[in-house]
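To start, the structure itself, in structure tokens.
Any value given below was found using the heavy atoms of this structure, including those in side chains, with hydrogens, waters and symmetry copies removed.
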Amino acid sequence: MTVTIREQVLAALRNNPGLNNVMLADMIGMTTKKISGTISTLLADGLIGCEGKHGQRLYHLTGYGMHY
């Protein structure tokens, strides 16, 4: 069974809320370019939220994302 990038991002944020792109990519073992599309999709789906301006965003799970 393979774990998708989406599942890895959600698991990383579940255990460590308040990560930025660089820290998140390092935890998963990928580049920021590789995870940027997944992060955009998760934001659009409402599973994660962000704080801060562009380039300094900190991501966290939303209430909906915690149940996912």
Checklist entry - Can you find a pair of side-chain heavy atoms, one from Glu51 and one from His60, that are under 4.5 Å apart? => result yes
Next on the checklist: Just so I know, are the side chains of Thr38 and Gln8 near enough to count as touching, which here means a heavy-atom distance under 4.5 Å?
Outcome noted: no
Item to check | Within-4.5 Å side-chain heavy-atom neighbours: Leu43 and Tyr59 | outcome: yes
Checklist entry - Can you name the nearest heavy-atom pair linking Leu61 to Arg14, along with the distance? => result CD1-CA, 3.5 Å
Next on the checklist: So if I apply the side chain to side chain contact (heavy atoms under 4.5 Å, CB included) rule between Leu42 and each of Leu13, Ile5, Thr62, Ile48, which one comes out positive?
Outcome noted: Ile48
Checklist entry - Does a side-chain heavy-atom distance below 4.5 Å link Gln56 with Asn20? => result no
Checklist entry - For Ser40, which residues count as a side-chain contact (heavy atoms from CB on, under 4.5 Å) partner, sequence neighbours excluded? => result none
Identify all side-chain donor-acceptor contacts of residues 21-35 below 3.5 Å with residues at least two apart in sequence or on another chain.
{"residue": "Thr31", "atom": "OG1", "partner": "Lys34", "partner atom": "N", "Å": "3.2"}

